[in-house]
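Naming convention: chains lettered A, B, ... in sequence-line order (proteins, then strands); numbering from 1 in each chain.
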Protein chains: 2
Amino acid sequence: MNTATENWIDRFTGLMKLEAGIRDRLVSGSSVVSLSKDTVIFGPDKKPEYLLLLLSGTVRVQQISESGREIVLYRVYAGESCVLTTACLLAYEDYSAEGIAETDIVAAAIPRSVFDELVATSDTFRQFVFSAYSKRITDLFLVIEEIAFQRMDIRLADKLLQLAGDDDLVVSTHQQLAAELGTAREVISRQLREFQRRNWINQSRGQIALQDTSALKKLSDTIV
Amino acid sequence: MNTATENWIDRFTGLMKLEAGIRDRLVSGSSVVSLSKDTVIFGPDKKPEYLLLLLSGTVRVQQISESGREIVLYRVYAGESCVLTTACLLAYEDYSAEGIAETDIVAAAIPRSVFDELVATSDTFRQFVFSAYSKRITDLFLVIEEIAFQRMDIRLADKLLQLAGDDDLVVSTHQQLAAELGTAREVISRQLREFQRRNWINQSRGQIALQDTSALKKLSDTIV
DNA sequence: TGCCCTTCAGTGACGATGTCACCAAAGGGA
DNA sequence: TCCCTTTGGTGACATCGTCACTGAAGGGCA
């Protein structure tokens, strides 16, 4: 194990202050794993056995309804933990959500037993875990509020800005954007056509170039 | 403290097997409180300071958007815990949800420090807490799926059956039902008129008598 | 008892969103 | 080059959300 992976703990702000003994236990009790893009990390047919702390890459957590429609619940970025899987570890009932590696990822995998031990012995670790829960649950509340009350044009403008890289380019099909927002492709196509008409974006097959991010930002900040 | 309140722990299936010492600590470190109907237990302006274990009554957890529209996220019933407030205790950021006593309630209140201590020292208690998290999070996933993908008539039929007492009577205004489902009063009024036309219900001011629960049940079981 | 006032429910019109059926264009592979 | 899959476009229509307004029900009070 090289220095880089030994020091992965420092990438997590909540863990930097971990007591030395606990820190060693965390390193010795976990392993650094690599997973390739599109790997299903957990899902209805795949119970998670580890708590993942993401060192690089992103994980997309989404839900698929019986009718086949999808919605993205949240994303886990590097430096964050896939903490809701700990709830899933206990498997109160079937988890209808699934987590997918959106890129190639590297993560520290903590087995259930070590997780348990650390929660019991370290205040700092416990604080880290509950704080991560808090963030996720708050995210879910925001998703509910958005779906229930927000207009689709505002949600789409917001999502485009979120997904755009530094080059103001969103690489995604209309269908994928529809799944992000839990709506139908046609709705996305219509909205994008309107954005295009206003010269806010420039569409081409499978990607959208943002031309006027300030206009999109203004729309996404609209309070209805 | 009388026998009834000393033995409240037995009302929680997850706590019945608690180790004797832990059990004593839980009883001595917490207090049984009574709160009257409509008390705001936690909310944007009121951080929770205790984990509540509900002995009797129900708590409604809802969210209010900036535009004033409401949606009910979930309910906590007797024998369950208001566990998401533990995440709120750490207050990652502002909690936009609020918890309201829907009836007069009696609950065991566990201070943060005791909660922390118990999570650290008892496997059983820790299991209880994470299991409760799991249930709540699963509930939130179901709410998201419903809002995003389910037809309103199906959701309303389902909600009427949930809210009806043994006498098949739902005491609620159209406005309150709209808040339950995160929609507008007019939508509820129109749906109820349709249910009435089919003789499934009988409306009067502020209450709805269910006439044909099997028809409502059949509708609510519809898979789209 | 009669009046007032608040709350609750009904309604039409219309815009926004979701669904369905179908078509057309783009691009990759044989 | 030709197919075939993926992607995106479109009209028609149903459902849902919003707005403005009306009227009915019931409680309080003189």
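Legend: residues meeting ring pair (Phe, Tyr, Trp, His ring centres under 6.0 Å) with A:Phe195, ordered by chain and number and at least two apart, are A:Trp200. Shown here are the side-chain contact (heavy atoms from CB on, under 4.5 Å) partners of A:Ser214, two or more places apart in sequence or in another chain: A:Asp212. Qualifying side-chain contact (heavy atoms from CB on, under 4.5 Å) partners for A:Ser65, counting only residues two or more places apart in sequence or in other chains: A:Ser67, A:Arg69, B:Glu145, B:Phe149.
In this structure, the CZ atom of B:Arg69 is 7 Å from the C1' atom of D:dG17, given to the nearest Å. Atom CZ of B:Arg197 is separated from atom C1' of C:dT11 by 17 Å (rounded to the nearest Å). Across the protein-nucleic acid pair, A:Ile188 atom CD1 and C:dT19 atom P stand 13 Å apart, rounded to whole Å. Distance B:Ile154 CD1 to C:dG18 C1': 14 Å, rounded to the nearest Å. Between the P atom of D:dT15 and the CD atom of B:Gln150 lies a distance of 14 Å, rounded to the nearest Å. The interatomic distance linking A:Leu156 (CG) with C:dT17 (P) rounds to 10 Å, in whole Å. Residue A:Gln196 contributes atom CD, which lies 12 Å from atom C1' of D:dG8 at whole-angstrom precision. Atom CG of A:Leu192 and atom C1' of D:dG9 are 12 Å apart (whole Å).
Classification of B:Arg190 and B:Glu186 as a salt-bridged pair fails, no side-chain N sitting under 4.0 Å from a carboxylate O. A salt bridge does not link A:Asp158 with A:Arg155: none of the charged nitrogens is closer than 4.0 Å to a carboxylate oxygen. Ion pairing between a basic and an acidic side chain is recognised when a charged N comes within 4.0 Å of a carboxylate O; A:Glu180 and A:Arg75 show such pairing.
In this structure, A:Thr138 contributes its side chain and A:Ser134 its backbone to a donor-acceptor pair below 3.5 Å.
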Extract from the structure each pairing of a protein N or O with an N or O of nucleotides 10-13 of chain D at less than 3.5 Å, listing the distance.
from   : atom 1 : to       : atom 2 : distance (Å)
D:dT10 : OP2    : A:Arg193 : NE     : 3.3

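Backbone-only contact: A:Gln191 has heavy atoms under 4.0 Å from sugar-phosphate atoms and none from a base. Note on B:Arg155: nothing from the nucleic acid sits closer than 4.0 angstrom, heavy atoms only.
For the side chain to side chain contact (heavy atoms under 4.5 Å, CB included) criterion with A:Ser34, the lone passing option out of A:Ile105, A:Leu55, A:Thr39, A:Val106 is A:Val106.
Of all nucleotides listed (C:dT17, D:dG9, D:dC16), D:dC16 comes nearest to the side chain of B:Arg151.
With ring centers used as reference points, B:Tyr133 lies 6.0 Å or more from B:Phe128.
Side-chain N/O atoms of B:His174 and B:Gln203 include a donor and acceptor closer than 3.5 Å.
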(message) Does the protein touch nucleotides 23-30 of chain C at the base, only the backbone, or not at all? Give it as B, S and - per nucleotide, heavy atoms under 4.0 Å.
(response) ---BS---
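Interatomic distance, CZ of B:Arg60 versus OG1 of B:Thr58, reported as 8.0 Å (0.5 Å rounding).
Shown for residues 169-179 of chain B: residues whose heavy atoms fall under 4.0 angstrom of DNA chain C, namely B:Thr173, B:His174.
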